[in-house]
Amino acid sequence: MLAIKKYKTLLLSVFLAVCVFASLYFVTHNQGLYDRPIAEVTSSKIVDTTDMEDTTGNKDRVYIQEMKAILKNGKHKGETILLTNKYSMSGANDQRYEPGKELFVSIDDTKKDNILTGNIEDAKRDLYLMIITWAFILFLLIVGKKQGLFSLITLAVNAVILSYALDVYLNSEKVGLLLACSVGVIAFTLVSLLFVNGFNEKTYAAVVATLIGTFMTLLISYVVIRFTAGDGLRYEEMQYLTRPYQLVFMAGILVGCLGAVMDVAITLSASIFGLIEKNPDISTKALITSGFDIGKDIMGTMTNILFFVYISGAIPMLILYFKNASPLAFTLSMNLSLEMTRALTGGIGIVLAIPIGIYTAIFFVNRKRVKA
């Protein structure tokens, strides 16, 4: 039995190694699959440097970089193209390109010294994305093993569900965004919990608690925003949307708080069912007390996780505003109003999930006791 297990592990390791190297080879040789021209930088030199300073005293240095590159696809494949890149030392919206870097380019009609010229449109990043993806997959499999594999499958299925829900919303006038996301949330919960944790009373309790906690959080958020008319919320980051800002924001709250509520619900359900397995005669009062003790322990860390996750995305913009001497109150209201609201609503969901998760799990425990 041990030899068979080792053989399976070795076979799986070889299979994963082949998949990793095959995928990395593919993304470095897939230029022919792109419609846009791709060029690989072969040489680079700095032709001009300019020091700059704005009205608030921020200093920067701007470089002009000239490069030669070889086209990797299209009708000009194999030809040399001249490119110019303007980038700054701060690298806020630009970057320097080194030899070996692959770029998406547009080809001009004119030539310079009988050599093609063009402009840089974007960098080709699929190699780095593939490396990060495989790092995530391998770490998840190494640490989680079978459960990690199930988590990967559920992640892929949930991505498909979300994509389908948004596609239905965008292509149907009868389906609202909240309805599409609500159906998606139910599907996420069922797939994530049932597939990973199995079809049992513990999982059923977590599913029910997750759905109740998530939709109660949405309801509370909707009521508060409706009665306050969204006063204090700055929707500037959604200004390019052609859809109602408030509706999109509410849908984001619904999907965003799901993960935190689900985590709390399954933790409490698993803990209470674990107590029952160790001591079948434990009283309901003891279960409630133990459940709230566990809930208090995870409440602070989960709330902090939500806060840091939402706030971290705004750090670059905060630095940009502060460096340009924007007032503190204006900077925070412009960049943190939506993130803080998401964090607070997620925190409400976590707090609500504790009593909901405890009493839902106890309901299923008592039902199991009656059947026994």
Side-chain angles (χ1 to χ4, degrees), residues 27-28 31 34-74 76 79-113 115-133 135 234-241 308-339:
V27 296
T28 54
Q31 296 86 354
Y34 287 90
D35 295 329
R36 293 187 294 170
I38 297 174
E40 182 180 349
V41 178
T42 55
S43 63
S44 168
K45 65 178 179 178
I46 305 296
V47 296
D48 186 44
T49 303
T50 305
D51 291 322
M52 302 181 65
E53 183 175 353
D54 62 15
T55 55
T56 57
N58 295 316
K59 296 181 179 180
D60 205 350
R61 181 171 294 174
V62 177
Y63 302 90
I64 304 296
Q65 178 186 18
E66 287 189 353
M67 299 172 291
K68 286 185 178 181
I70 299 295
L71 288 163
K72 308 293 287 186
N73 63 343
H76 297 288
E79 295 185 38
T80 300
I81 184 172
L82 297 177
L83 302 169
T84 301
N85 178 41
K86 182 179 180 180
Y87 69 95
S88 60
M89 184 173 60
S90 61
N93 295 305
D94 44 49
Q95 61 177 308
R96 178 176 180 172
Y97 299 118
E98 302 289 347
K101 185 71 175 180
E102 291 187 334
L103 308 171
F104 290 106
V105 300
S106 59
I107 302 174
D108 296 337
D109 295 330
T110 59
K111 292 186 177 183
K112 183 178 180 181
D113 298 330
I115 300 178
L116 293 172
T117 59
N119 299 300
I120 300 171
E121 294 186 346
D122 199 3
K124 186 172 180 286
R125 301 183 178 89
D126 51 359
L127 174 62
Y128 308 105
L129 292 174
M130 185 62 70
I131 292 173
I132 294 173
T133 301
R234 305 297 295 263
Y235 294 105
E236 278 79 359
E237 68 180 53
M238 301 182 182
Q239 60 186 324
Y240 297 110
L241 287 176
F308 289 124
V309 165
Y310 284 123
I311 300 304
S312 61
I315 289 178
M317 292 305 297
L318 289 176
I319 294 174
L320 183 62
Y321 273 70
F322 286 141
K323 288 289 287 182
N324 286 278
S326 295
L328 177 63
F330 175 75
T331 300
L332 296 181
S333 66
M334 284 294 294
N335 297 284
L336 293 185
S337 66
L338 298 185
E339 281 73 11

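Worth knowing before you read on, the calculation uses all heavy atoms, side chains too, and leaves out hydrogens, waters and symmetry mates.
At a cut-off of 3.5 Å, with distance as the only test, no side-chain donor of Gln31 or Glu40 sits close to an acceptor on the other residue.
Here CD of Gln65 is found 5.0 Å from OH of Tyr87. Values are rounded to the nearest 0.5 Å. Rounding to the nearest 0.5 Å gives a distance of 12.0 Å between CG of Asn119 and CG of Leu103. In this structure, the separation between CG on Leu83 and CD on Glu66 is 10.0 Å, given to the nearest 0.5 Å. Summarising the geometry, atom OG1 belonging to Thr80 is positioned 6.0 Å from atom CD1 belonging to Ile115; distances are rounded to the nearest 0.5 Å. Separation of atoms CD1 (Ile120) and CD (Gln95) is listed at 9.0 Å; rounding is to 0.5 Å. Taken to the nearest 0.5 Å, the OG1 atom of Thr49 stands 7.0 Å off from the CZ atom of Arg61.
Of all heavy-atom pairs between Tyr97 and Ser44, the closest is O-OG, 3.8 Å. Across all their heavy atoms, Val62 and Lys86 have their closest contact at CG1-CE, 3.5 Å. Closest approach of Ala39 and Ile81 over heavy atoms only: CB-CG2, 4.0 Å. In plain terms, the two heavy atoms of Lys101 and Tyr128 that are nearest each other are NZ-CE1, 3.4 Å. In this structure, Lys111 and Thr117 approach most closely via the heavy-atom pair C-CG2, 4.4 Å.
Contact annotation: the side chain of Val105 approaches that of Leu71 to within less than 4.5 Å [non-hydrogen atoms, C-beta and beyond]. Proximity of Ile38 to Phe104: side-chain heavy atoms (C-beta onward) are separated by under 4.5 Å at one or more points.
Side-chain N or O atoms of Asp94 include one that pairs as donor or acceptor with a backbone N or O of Ser88 at under 3.5 Å.
A salt bridge links Glu121 with Arg36: the distance from a Lys NZ or Arg NE/NH1/NH2 to an Asp or Glu carboxylate oxygen falls below 4.0 Å.
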